[in-house]
Amino acid sequence: MEAGPGSGAGSAVASREPVAPSPEPRDCGPLNRCEDFTVSLLPQARIADVASFAPAPTSIVSEPAGLGVVGLPTNFVVRAAEHTATGTLFDLPVTVRFTPQEVTIAPGDGSTISSGLGGRSWGDLGAPQFTPTDTSHSYTERGTYSASAVIHYRAEVDFGRGWRPVPGTLDIATGPHLVRVLEARSTLVERTCNEGPRGPGC
């Protein structure tokens with residue numbers, strides 16, 4: 001009597017797992033958009049969002065140091081550099097970069113000076129004193145003036161996918177700087193003030 005399939009000694013049975021058919025390629029249209037397609041968008045940062053990463057305020061100085069002469073240029077110097085900071089924004093790691101674009105100087109007499117040198121040290125040209133520059137100002141009256149400046153920074157953010165611009169500018173003010181403005185008068189005399197201390201103009 002012959003043994004039936006799977007019964008008795010010496011019989012062998014081959015077992016194979018069913019092979020799943022290959023999935024058909026999905027047609028999601030020319031833009032490859034399917035219903036379950038997920039797009040991850042990075043948030044748009046605003047100036048207010050990155051203000052906590054801002055550079056520290058800088059200072060303004062004048063040439064000659066703290067002095068001016070009525071009718072002659074008093075040169076103002078404001079130094080600012082590119083600033084980069086890292087941290088977390090919108091619960092994402094971020095790098096923020098600030099680049100100085102323009103400076104607005106208030107000499108203290110009601111006037112203003114604007115200069116857009118694109119990140120240089122404004123007014124720092126190494127020129128002799130009383131040489132006019134794009135950040136110099138001539139006072140019309142003697143007195144003591146409180147000068148100040150505002151630096152306008154452009155901001156960019158990088159969430160790990162490249163730099164993205166932040167609309168607007170971040171404005172950071174300097175502290176005050178006192179300028180004492182004097183009058184220059186000349187007189188033709190026979191002797192110097194050392195020779196004649198009580199002479200005209202001494």
Quiz item: Out of curiosity, Ile105 CD1 to Thr135 OG1, how far, rounded to the nearest 0.5 Å?
Solution: 5.0 Å

Practice problem: Evaluate the side-chain proximity of Val70 to Val181: yes if any heavy-atom separation is below 4.5 Å, no if none is. | Solution: yes

Self-check item: Value rounded to 0.5 Å, distance of CD1 in Ile172 from CD1 in Ile151
Solution: 7.5 Å

Quiz item: Taking only residues two or more places apart in sequence, or in another chain, which ones meet His177 in a side chain to side chain donor-acceptor pair (under 3.5 Å)?
Solution: Ser62

Self-check item: Gap separating the CZ atom of Phe76 from the OG atom of Ser148, nearest 0.5 angstrom
Solution: 9.5 Å

Quiz item: Does the side chain of Glu102 reach to within under 4.5 Å of the side chain of Ser114, using non-hydrogen atoms?
Solution: yes

Self-check item: Closest approach of Val50 to Phe98 (non-hydrogen atoms, all atoms of both residues)
Solution: O-CZ, 3.4 Å

Self-check item: Side chains of Ser59 and Thr174 in contact at under 4.5 Å (non-hydrogen atoms)
Solution: no

Quiz item: About how many Å separate CG of Asp158 and OG1 of Thr84, when rounded to the nearest 0.5 Å?
Solution: 10.5 Å

Quiz item: Would you find a donor on one side and an acceptor on the other, under 3.5 Å apart, between the side chain of Tyr139 and the backbone of Pro107?
Solution: yes

Quiz item: When rounded to the nearest 0.5 angstrom, what distance separates CZ in Arg79 from OG1 in Thr58?
Solution: 8.5 Å

Quiz item: If you take all heavy atoms of Phe159 and Pro43, which pair is closest and at what distance?
Solution: CE1-O, 4.1 Å

Practice problem: Please round to the nearest 0.5 Å and tell me the distance separating atom CD of Glu82 and atom CZ of Arg154. | Solution: 8.5 Å

Exercise. Identify, with sequence neighbours excluded, every residue that meets side-chain contact (heavy atoms from CB on, under 4.5 Å) alongside Ser138.
Key: Pro73

Quiz item: Asp49 and Ser52: which non-hydrogen atoms are nearest, and at how many Å?
Solution: O-OG, 4.3 Å

Quiz item: Under the side-chain contact (heavy atoms from CB on, under 4.5 Å) test, which residues partner Thr112, sequence neighbours left out?
Solution: Thr104

Quiz item: Does the side chain of Asp109 come under 3.5 Å of the side chain of His137 through a donor N or O and an acceptor N or O?
Solution: yes

Quiz item: What heavy-atom pair brings Ile47 and Pro167 nearest, and what distance separates the two atoms?
Solution: CG1-O, 3.1 Å

Practice problem: Using salt bridge (charged side-chain N to carboxylate O under 4.0 Å, His left out) as the criterion, list what pairs up with Arg180, not counting sequence neighbours. | Solution: none

Practice problem: Show your reasoning for whether side-chain contact (heavy atoms from CB on, under 4.5 Å) applies to Leu178 and Ser146. | Solution: CA-CA 5 Å; Leu178 296 181; Ser146 179; 3.9 Å; yes

Quiz item: Which heavy atom in Ala149 sits nearest to a heavy atom in Val78, and how many Å separate them?
Solution: CB-CG2, 4.0 Å

Quiz item: Shortest non-hydrogen contact from Ile60 to Ala147?
Solution: CG2-O, 4.2 Å

Quiz item: In chain order, what residues pass the ring-ring contact (aromatic ring centres under 6.0 Å, His included) check against Phe53, with sequence neighbours excluded?
Solution: none

Side chains of residues 86-93: which donor-acceptor partners sit under 3.5 Å, not counting sequence neighbours?
none

Quiz prompt | Minimum side-chain heavy-atom gap Thr169-Gln101 below 4.5 Å | solution = no

